[in-house]
Amino acid sequence: MATEANADALVLSDDPRHPANLIPELCRNFYQLGWVTGTGGGISIRVGDKVFIAPSGVQKERMLPIHIFVLPFPQAAPSPHTDRVFLRRPALNLKESACTPLFWNAFDLRDAGSCIHTHSQNAVMATLLWPGPTFTISHQEMIKGVRIGGIGRTLSYLDTLEMPIIENTPNEEDLKDSMAEAMKRYPDAAGVLVRRHGVYVWGPDWEKAKTQAECLDYLFEIGVKMKLAGLPTVGLF
Ligand SMILES: CSCCC(=O)C(=O)COP(=O)(O)O
Ligand SMILES: [Zn+2]
């Protein structure tokens, strides 16, 4: 059993690329993009058998490494309703992110090394202008930055990008099953949009997850603008 001091060693490092240093830094960047304002959204990183997760309901742009939770992987998707296991919990009275079971979908079903959740308005607008089960767009250069299933080879300019959209629920953790279903139904999709809420995107590591989140956000934004301009988003015109 880890003592408090050696558990803290899991999040205290001089290495700027340590997940406990990266998560606060990346959340500050995401805040500037409008992706994690109002405490929502965030990023989790899995390195081998350890998952690093931010606390819930905190100002994500002001987080520090000592606020980070560390959970062992694998374990059954941790949620407030299960007996979850921690390697390290902050001393403060904090709960792990409500996105934890959703992040777990990406680790369990895609062997992801990182999962990002944003509340980007581009993602939300895409879910409003595409009222059906998917968002689609083709013939955009940024499609080439997106990976098959989020983890495979990158798409070609000639591929059509399709992202499933699931319906929102009052509690974040209750999205777990519909997200998992969408991931099974759309194995090639690099993420899952949540209507009136945002998007989950993952990758083999945090750099690739971030690249894909950026490319997808660009595609949501231009798709929304094209739709509002009355232009088709699939096919050449
Ligand atoms: C205004 S945020 C509402 C809850 C939410 O959508 C979310 O992403 C919460 O994430 P957290 O990591 O703060 O539990
Ligand atoms: Zn959210």
Side-chain angles (χ1 to χ4, degrees), residues 11 19-46 51-71 73 77-82 84 86 88-90 92-107 112 114-128 135 150 163-183 189-202 206 209-210 212-214 216-217 220:
V11 297
N21 292 329
L22 280 170
I23 290 174
E25 183 196 339
L26 291 168
C27 281
R28 282 194 293 278
N29 300 152
F30 295 164
Y31 182 81
Q32 296 304 327
L33 295 171
W35 287 7
V36 299
T37 54
T39 77
I43 176 170
S44 68
I45 298 177
R46 177 172 75 86
V51 175
F52 296 80
I53 288 199
S56 181
V58 301
Q59 299 189 23
K60 298 278 167 49
E61 76 284 10
R62 295 175 64 85
M63 234 190 311
L64 300 172
I66 50 159
H67 299 142
I68 301 294
F69 288 79
V70 187
L71 288 81
F73 184 87
S79 88
H81 318 296
T82 63
R84 55 224 195 280
F86 296 90
R88 196 257 171 195
R89 304 175 81 144
L92 303 157
N93 188 21
L94 294 170
K95 282 200 317 197
E96 78 280 13
S97 170
C99 310
T100 301
L102 296 308
F103 293 148
W104 232 258
N105 278 337
F107 303 143
S114 180
C115 185
I116 296 171
H117 172 44
T118 90
H119 286 189
S120 162
Q121 290 197 13
N122 296 323
V124 175
M125 281 301 294
T127 70
L128 297 175
F135 165 89
M163 290 270 292
I165 305 172
I166 60 172
E167 302 305 322
N168 200 24
T169 53
N171 296 313
E172 189 100 21
E173 57 267 25
D174 295 332
L175 292 166
K176 179 185 180 296
D177 290 347
S178 56
M179 177 182 168
E181 270 168 39
M183 291 173 74
V192 175
L193 283 156
V194 185
R195 204 171 324 271
R196 299 176 181 273
H197 182 157
V199 68
Y200 281 84
V201 179
W202 52 83
W206 70 267
K210 173 176 173 287
Q212 292 189 95
E214 289 165 354
L216 287 165
D217 197 67
F220 301 147

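Order of listing sets the numbers, starting from 1, for every ligand and every atom in it. Numbers here simply count residues along the sequence, with the first being 1.
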Least distance between heavy atoms, S120 atom then D217 atom: OG-OD1, 2.6 Å
Note, the Zn ion (ligand 2) has protein N, O or S atoms under 2.8 Å numbering 4
What closest approach, in Å, do R196 and V124 show between heavy atoms, and which atom pair accounts for it? CA-CG1, 3.9 Å
Closest non-hydrogen protein atom to atom 13 (O) of ligand 1, residue and atom name please, with distance? G57 N, 2.7 Å
Which residue and atom name correspond to the protein heavy atom nearest atom 14 (O) of ligand 1, and how close is it? S56 OG, 2.6 Å
If you scan protein heavy atoms around atom 3 (C) of ligand 1, the nearest is H119 CE1, 4.3 Å
With heavy-atom distances below 4.5 Å as the criterion, would you say the side chains of T100 and R84 are in contact? no
Look at atom 2 (S) of ligand 1 and say which protein heavy atom is nearest, naming residue and atom and giving the distance to 0.1 Å. G40 CA, 3.6 Å
In this structure, atom 10 (O) of ligand 1 is nearest to the protein heavy atom C99 SG, 3.6 Å
Please examine the side chains of L216 and V199, heavy atoms only from C-beta on, and report whether any two atoms are closer than 4.5 Å. no
Just need the protein heavy atom nearest to atom 1 (C) of ligand 1, so name the residue and atom and give the distance. G38 O, 3.4 Å
Which heavy atom of S79 sits nearest to which heavy atom of P101, and what is that distance? CB-CG, 3.9 Å
Can you list the ligand 1 atoms lying under 4.0 Å from a non-hydrogen atom of H117? 8 (O)
May I have the step-by-step check of ring-ring contact (aromatic ring centres under 6.0 Å, His included) for W104 and F73, ending in yes or no? CA-CA 9 Å; W104 232 258; F73 184 87; 5.6 Å; yes
Does ligand 1 have an atom that lies less than 4.0 angstrom from a heavy atom of A54? no
Is it true that a side-chain atom of S44 and a backbone atom of F52 form a donor plus acceptor pair closer than 3.5 Å? no
Non-hydrogen atom of H197 closer than 4.0 Å to ligand 1: yes
Suppose we measure from atom 11 (P) of ligand 1 to each protein heavy atom; which comes out shortest, and what is that distance? K60 NZ, 3.4 Å
Quick one: does G41 get a heavy atom under 4.0 Å from ligand 1? yes
Tell me, please, which residues at least two apart from K210 pass salt bridge (charged side-chain N to carboxylate O under 4.0 Å, His left out). E214
Without swapping roles, check the side chain of Q212 against the backbone of G150 for a donor-acceptor pair under 3.5 Å. yes
If you scan protein heavy atoms around atom 5 (C) of ligand 1, the nearest is E172 OE1, 2.8 Å
Minimum distance, heavy atoms only, to atom 12 (O) of ligand 1: which one of C27, S97, P170 is it? S97
